[in-house]
Amino acid sequence: AKCINVEIDNQSINTIKFIFDFYKFKKTINKIKPSYLLGYTSKPIFYLGLASFFTKNTKFIPMITGLGYYFNRFNKKLIVKLILIYLYRLSCIKAKIFIFQNKSDQKEFADLKIINKNSKSIVINGSGVNLSNSCKKIFSNKIKFIMVSRLLYQKGLIEYVEAARIVKNKFPKVEFVHVGGFDESPDRINKEIYDNWKKEKNIDFLGEVKIEKVYGLLKKSNIFVLPSYY
């Protein structure tokens, strides 16, 4: 596979930046002249879906991995959600097939009429895991929990912290580990709150580490936890 980097501002909802980033995508696509456009996550879906209007003999396929912060915090960000729904509807007009990673997102897109009558939709079992690096079952007298995620509220960090407090109070030898760094999302954990969690020492917060080290940490853990809201 040939990799071509197109740098975009992933978190910004600024209209001018959106137009500028779309132009960069469209310019790159015009050079490549692809047969298929696979949009993976929201902004690439918007850019590639809109670009599909300007390309001939190109099939557009959006892959929805999750609807994210603005959909899950509906009451607080209603205007932003309505804009996103409009962008999804507009950019997905030419979509041949929608790929979802869970049935609830598929149902929501159908209810919102983002999936048009000429499109099909399927649900797959996630982005995939490299099975050659999968973990084997281990036995240990010491129980260790591990959570691997970005530092976002909707990943279930508060629940993980609270669970660690309860368990450590009754079973001090049980270990809790968290792996993952900060994110620019508006849903990110406040730095002061994070520092206070570290001071409690109920969880060993390791921050962002290289993927090779993550596999090693998983192999030394007994229980994997991901209490995500999605």
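FYI, side chains are in, hydrogens and waters are out, and symmetry mates aren't considered; it's all heavy atoms of this structure. Position 1 is the first residue of the sequence, and the numbers go up from there.
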Rounded to the nearest 0.5 angstrom, the CD-CD1 distance for Glu208 and Ile211 is 10.5 Å
If only atom types and distance count, is the side chain of Asn30 paired as donor or acceptor with the main-chain N or O of Lys26 below 3.5 Å?
yes
Pair Phe224 and Phe145, ring centroids less than 6.0 Å apart:
no
Would you say Lys24 has more than 12 foreign heavy atoms packed within less than 6.0 Å of its NZ?
yes
Quick one: do Ile97 and Phe109 end up in the same hydrophobic cluster if we chain Ile, Leu, Val, Met, Phe, Trp and Tyr together by side-chain heavy atoms under 4.5 Å apart?
no
With the threshold set at 4.0 Å, does a side-chain nitrogen-carboxylate oxygen contact exist between Asp21 and Lys17?
no
Counting heavy atoms not belonging to Phe53, are there more than 12 under 6.0 Å from its CZ?
yes
Drop me the distance from Met147's CE to Ile223's CD1, to the nearest 0.5 angstrom.
14.5 Å
With heavy-atom distances below 4.5 Å as the criterion, would you say the side chains of Trp197 and Leu157 are in contact?
yes
Can you tell if the side chain of Gln101 reaches within under 4.5 Å of the side chain of Ile124, non-hydrogen atoms only?
yes
Is atom CZ of Phe182 surrounded by more than 12 heavy atoms (other residues, nucleotides or ligands) closer than 6.0 Å?
yes
If you look at every heavy atom in Thr65 and Tyr40, which pair is closest and at what distance?
CG2-CZ, 3.8 Å
Report yes if some heavy atom in the side chain of Ile146 is under 4.5 Å from a heavy atom in the side chain of Leu218; otherwise report no.
yes
Does any non-hydrogen side-chain atom of Met63 lie less than 4.5 Å from one of Leu38?
yes
Please check this pair: side chain of Lys96 against backbone of Lys59, looking for a donor-acceptor N/O pair closer than 3.5 Å.
no
Closest approach of Phe100 and Ser121, non-hydrogen atoms and distance?
CE1-CB, 3.8 Å
Quick check for you: to the nearest 0.5 Å, what is the distance between Leu217 atom CG and Asp204 atom CG?
9.0 Å
Would a hydrophobic clustering, with Ile, Leu, Val, Met, Phe, Trp and Tyr connected at side-chain separations under 4.5 Å, put Val179 with Tyr215?
yes
Side chain Asn222, main chain Lys144, donor-acceptor under 3.5 Å:
yes
Heavy-atom closest pair, residues Tyr36 and Ile61:
CD2-CD1, 4.1 Å
Residue Ile16 excluded, over 12 heavy atoms near CD1 under 6.0 Å
no
NZ on Lys33 to OG1 on Thr58, rounded to 0.5 Å
10.0 Å
Answer with yes or no whether the hydrophobic clustering places Val6 together with Ile19; edges join I, L, V, M, F, W, Y residues whose side-chain heavy atoms lie under 4.5 Å apart.
no
If you look at every heavy atom in Arg89 and Ile114, which pair is closest and at what distance?
CG-CG1, 3.8 Å
Could you tell me whether Glu200 atom CD has more than 12 heavy atoms of other residues or ligands within 6.0 Å of it?
yes
Evaluate the side-chain contact (heavy atoms from CB on, under 4.5 Å) criterion for residues Lys168 and Lys201: first the C-alpha distance (whole Å), next the side-chain angles of each, then the deciding distance (0.1 Å), finally the verdict.
CA-CA 10 Å; Lys168 293 283 282 186; Lys201 297 184 177 179; over 6 Å; no
Between Tyr194 and Phe205, how do the two ring planes meet: parallel, tilted or perpendicular, split at 30° and 60°?
perpendicular
Determine, stepwise, if the pair Tyr88 / Phe46 fulfils ring-ring contact (aromatic ring centres under 6.0 Å, His included).
CA-CA 7 Å; Tyr88 271 119; Phe46 300 151; 4.8 Å; yes
More than 12 heavy atoms of other residues, nucleotides or ligands under 6.0 Å from CG of Asn190: yes or no?
yes
Between Phe176 and Ala163, which heavy-atom pair has the shortest distance, and what is it?
CZ-O, 4.3 Å
Salt-bridged, Asp195 to Lys199, with N to O below 4.0 Å?
no
Phe25 versus Leu37: any side-chain heavy-atom pair under 4.5 Å?
no
So, taking the atom named CG in Leu90 and the one named CD1 in Ile85, what distance separates them when rounded to the nearest 0.5 Å?
13.5 Å
Is there a path of hydrophobic side-chain contacts, each under 4.5 Å between heavy atoms of I, L, V, M, F, W or Y residues, that connects Ile166 with Val161?
no
Closest heavy-atom contact between His178 and Tyr160?
CB-CE2, 4.3 Å
Residues that Ile4 engages under side-chain contact (heavy atoms from CB on, under 4.5 Å), provided they are two or more places apart
Thr28, Ile32
If Ile, Leu, Val, Met, Phe, Trp and Tyr residues are connected whenever their side-chain heavy atoms lie under 4.5 Å apart, and connections chain through other members, are Ile99 and Leu112 in the same group?
no
Would you give the length of the straight line joining atom CG of Leu87 to atom CZ of Phe18, rounded to the nearest 0.5 angstrom?
5.0 Å
